[in-house]
Amino acid sequence: MQEHTMPQELQSDLKLIIQNNGEIEDRFYQYLSFGTGGMRGLLGAGTNRMNIYTIRRVAEGLAQQLLVSGEEAMGRGVVIAYDTRHYSHDFALETAKTIGKHGIRVFLFKESRPTPELSFAMRQLNAFAGVVITASHNPAQYNGFKVYGEDGGQLPPDAADGIVRHMKEIKDLFAIQTADENELLQSETLTYILEEIDEVYQENLLTLREDAEAIETVGMDMSIVYTSLHGSGLVPVTEGLRNFGFSNVHVVAEQAIQDARFPTVVYPNPEERDSFKLAIQLGKEKDADLLLATDPDADRLGVAVKNSDGDYELLTGNQLGALLLQYLLMQKKEKGILPSNGVAMKTIVTSEFGRAVAATFGIPTMDTLTGFKFISEKIEEFEKSGEYTYLFGYEESYGFLIGTFARDKDAVQAALLTAEMAAYYKSTGKSLYDGLLDLYEELGHYREALESLTLTGKDGQERIGEIMKAFRNDPPKSIGGVAVRAIEDYQAGTRQLKDGAIEELVLPSADVVKFLLEDGSWVCVRPSGTEPKCKFYFGVRKDSAEEAGIAIGLLVEDMMGRVL
């Protein structure tokens, strides 16, 4: 391909780095990696960047996977959605044109819609695969490409490896062919979708309502503030709240604008207090009982509630997960519909708080590796075997799934049920924060922490590898003054006990090391699957909030002192 045919913004980008050897190396030393979490990276020119050429490469890999899967797979086709980021619509259309060139059926959302609605649409349309263009909660200069399998969940490792094999066979990025959009539309290879999916998705959301009476009692009085953080959650969340029966909903107007720069926040991440700054201001103005925030692709939900001092306090993903689980199980038990084979799901880096909650109802909790795709796989497995009935799944990073009509974490579902849960507590004279304190009083004070080392570029990746190797080859015997009783190495598939005994782990292989301590505390180390980070997770349980705070601080200080 001649230079003049390259998009002007990519030509300009290349000219800016022509004298910068370090930048050139970082942009071209590898192709953006594609794994079970898809592909995510900085926007710009280069094989290690998100641009139309790297998008065509992964789209071509997916197309080849469908071609070898046969005519049925091609006819069922691919659903494509996108969030509100820079080039998200362009990349979605480029994906459709690349896949459609092979005669594979494509369904493309006309407007930005949440990742979980993509999962739902796939199941509704019986599609063979799905794609969403998003970088989730990353900063504005990022975008990404996530692929979904025919169950509506993110791709498992084997399927992702198949796409990678096809991508590696592509010798010339610039030779990948794309079709004309109008020709695809005329041949009905490409179909635009929106309202018909929105409508059925909302109908399914209504099936999650557990306590309509509580909403009828306080739904008009309970004040809710919602912000979409410039993302794709605005339409489904506001419509869903209205359908549930909440009429006193206030939207943060400045953040309702779909602006790819995310100008009102440092990061469009509902885990960060900064993202709630405007919601808190509006909450004080409207005397709101509940503040809700979704990230750009609306698969993560952040929640803030009034504490005992009347200030807004952000709940962690672990806290909200435990509250939602307790509420769901309580409602089902009171109605006599709690299944005897019910199960709750969480990831290995998620708090033990939820397990303790589920145990009070006689419900077991099953752990999976980090990544919601593993929870989705279990849902599919349970539906086929009948061994368990899925009740709720969540991860500490603000991802929750209640109804299985979607197969990825769904902030829309979680927002609606959180609002209903807050209404239930309000109808009993309590706040959601009171409900959390009640759980701590009953089960003990659980406290968690997350620390991340950001290590970019080739050197950064090597440093992360060295950190993981060090913790495997020379593991600590104690952390924060507490003896290590077992080490779980998910790459080796083993649990080594203090006495030297070795047990086999049942979960798949992953680059994760977890230390289990004598007092029930734990520490877990893993490289991020989507960002240039090494992540450190910590969890404790103590009899008081003060003790828990001290214990978690000692763990963090010890572990981070080993790597900084």
Side-chain angles (χ1 to χ4, degrees), residues 40-44 50 82-89 91 111-116 132-144 146 224-238 241 249-286 288 290-306 311-317 319-320 395-400 409-412 414-415 418 450-452 454 456 528 530-533 535:
R40 189 181 301 182
L42 289 164
L43 292 159
M50 291 290 299
Y82 54 95
D83 69 6
T84 59
R85 290 178 173 273
H86 292 297
Y87 302 107
S88 281
H89 172 265
F91 290 167
E111 297 176 4
S112 67
R113 282 297 182 268
T115 289
V132 61
I133 306 297
T134 180
S136 191
H137 57 290
N138 278 53
Q141 61 268 35
Y142 284 79
N143 214 325
K146 290 169 68 174
I224 299 172
V225 164
Y226 167 65
T227 174
S228 59
L229 298 181
H230 305 289
S232 60
L234 183 66
V235 171
V237 172
T238 54
L241 287 169
V249 177
H250 311 280
V251 174
V252 179
E254 302 95 322
Q255 295 175 330
I257 301 165
Q258 294 191 345
D259 189 331
R261 299 170 301 159
F262 308 123
T264 64
V265 292
V266 178
Y267 301 108
N269 185 353
E271 298 180 51
E272 303 286 343
R273 187 170 182 85
D274 171 74
S275 66
F276 273 90
K277 186 176 179 180
L278 293 178
I280 289 172
Q281 289 178 8
L282 185 58
K284 289 177 179 178
E285 180 185 325
K286 302 297 183 181
L290 181 67
L291 313 182
L292 303 170
T294 54
D295 67 339
D297 68 323
D299 65 349
R300 297 169 190 250
L301 175 73
V303 171
V305 294
K306 279 186 179 178
D311 296 323
Y312 289 107
E313 184 162 326
L314 271 64
L315 299 182
T316 68
Q319 290 171 331
L320 182 57
E395 56 187 8
E396 50 76 39
S397 54
Y398 291 57
F400 316 93
K409 51 187 179 286
D410 190 339
V412 185
T418 298
L450 169 64
E451 296 287 332
S452 296
T454 299
T456 59
S528 170
T530 54
E531 300 172 283
K533 293 180 178 181
K535 293 190 170 185

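The structure presented is a predicted model; accordingly, all values stated were derived computationally and were not measured. Atom set for the values below is all heavy atoms of this structure, side chains included, hydrogens, waters and symmetry mates excluded.
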Q: When H250 is tested against each of V225, T227, L291 for side chain to side chain contact (heavy atoms under 4.5 Å, CB included), which residue passes?
A: V225
Q: Which heavy-atom pair separates A260 from A140 by the least distance, and what is that distance?
A: O-CB, 3.4 Å
Q: Do you know which two heavy atoms are closest between L234 and S228, and how far apart they sit?
A: N-CB, 3.8 Å
Q: Rounded to the nearest 0.5 Å, how far does CG of L301 lie from OH of Y226?
A: 8.5 Å
Q: Would you indicate whether the side-chain heavy atoms of L43 and M50 approach each other to under 4.5 Å?
A: yes
Q: Return the OG1 to CG distance between T316 and L450, rounded to the nearest 0.5 Å.
A: 11.0 Å
Q: Taking atom CG of D295 and atom OH of Y267, what is their separation to the nearest 0.5 Å?
A: 15.5 Å
Q: Should we count OH of Y87 as having more than 12 external heavy atoms under 6.0 Å?
A: no
Q: Distance-only, no hydrogens or angles: does the T454 side chain make a donor-acceptor pair with backbone N or O of K533 under 3.5 Å?
A: no
Q: Looking at G283, is its backbone amide N or carbonyl O close enough to the side chain of Y312 to form a donor-acceptor pair, meaning the two atoms are under 3.5 Å apart?
A: yes
Q: Please list all pairs meeting salt bridge (Lys or Arg N to Asp or Glu O under 4.0 Å) that have one or both residues in residues 225-237, counting only residues at least two apart or in different chains.
A: none
Q: What distance separates Q319 CD from E396 CD, expressed to the nearest 0.5 Å?
A: 12.5 Å
Q: At what distance, to the nearest 0.5 angstrom, does CG of D297 lie from CG of L229?
A: 11.5 Å
Q: Give the minimum heavy-atom separation between Y82 and S88, together with the two atoms involved.
A: CB-O, 3.7 Å
Q: Provide the full list of salt bridge (Lys or Arg N to Asp or Glu O under 4.0 Å) pairs with a residue in residues 261-276, sequence neighbours left out, each pair given once.
A: D259-R261, E271-R300
Q: Can you sort out the partners of D299 under salt bridge (charged side-chain N to carboxylate O under 4.0 Å, His left out), two or more places apart, ordered by chain and number?
A: K146, K409
Q: Apply side chain to side chain donor-acceptor pair (under 3.5 Å) to T264 and list each qualifying residue two or more places apart in sequence or on a separate chain.
A: H230, Q255
Q: With rounding to the nearest 0.5 Å, note down the distance linking NE2 in H86 to CG in N143.
A: 9.5 Å
Q: Compare every heavy atom of G233 with every heavy atom of A298, then report the nearest pair and how far apart it is.
A: CB-CA, 3.8 Å
Q: Taking atom types as modelled, is there a side-chain donor on Y142 or S136 under 3.5 Å from an acceptor on the other?
A: no
Q: Suppose we screen for salt bridge (charged side-chain N to carboxylate O under 4.0 Å, His left out). Which residues come up paired with E111, at least two apart in sequence or across chains?
A: R113
Q: Show your working on side-chain contact (heavy atoms from CB on, under 4.5 Å) between L290 and V303 and close with a plain yes or no.
A: CA-CA 7 Å; L290 181 67; V303 171; 3.6 Å; yes
Q: Show your working on side-chain contact (heavy atoms from CB on, under 4.5 Å) between F262 and T84 and close with a plain yes or no.
A: CA-CA 9 Å; F262 308 123; T84 59; 4.1 Å; yes
Q: Where is the tightest heavy-atom contact between A411 and P116, given as atom of each residue plus distance?
A: N-CG, 4.5 Å
Q: Tell me, please, which residues at least two apart from N269 pass side chain to side chain donor-acceptor pair (under 3.5 Å).
A: none
Q: Which pair of non-hydrogen atoms, one from K535 and one from S528, has the smallest distance, and what is that distance?
A: CE-CB, 4.1 Å
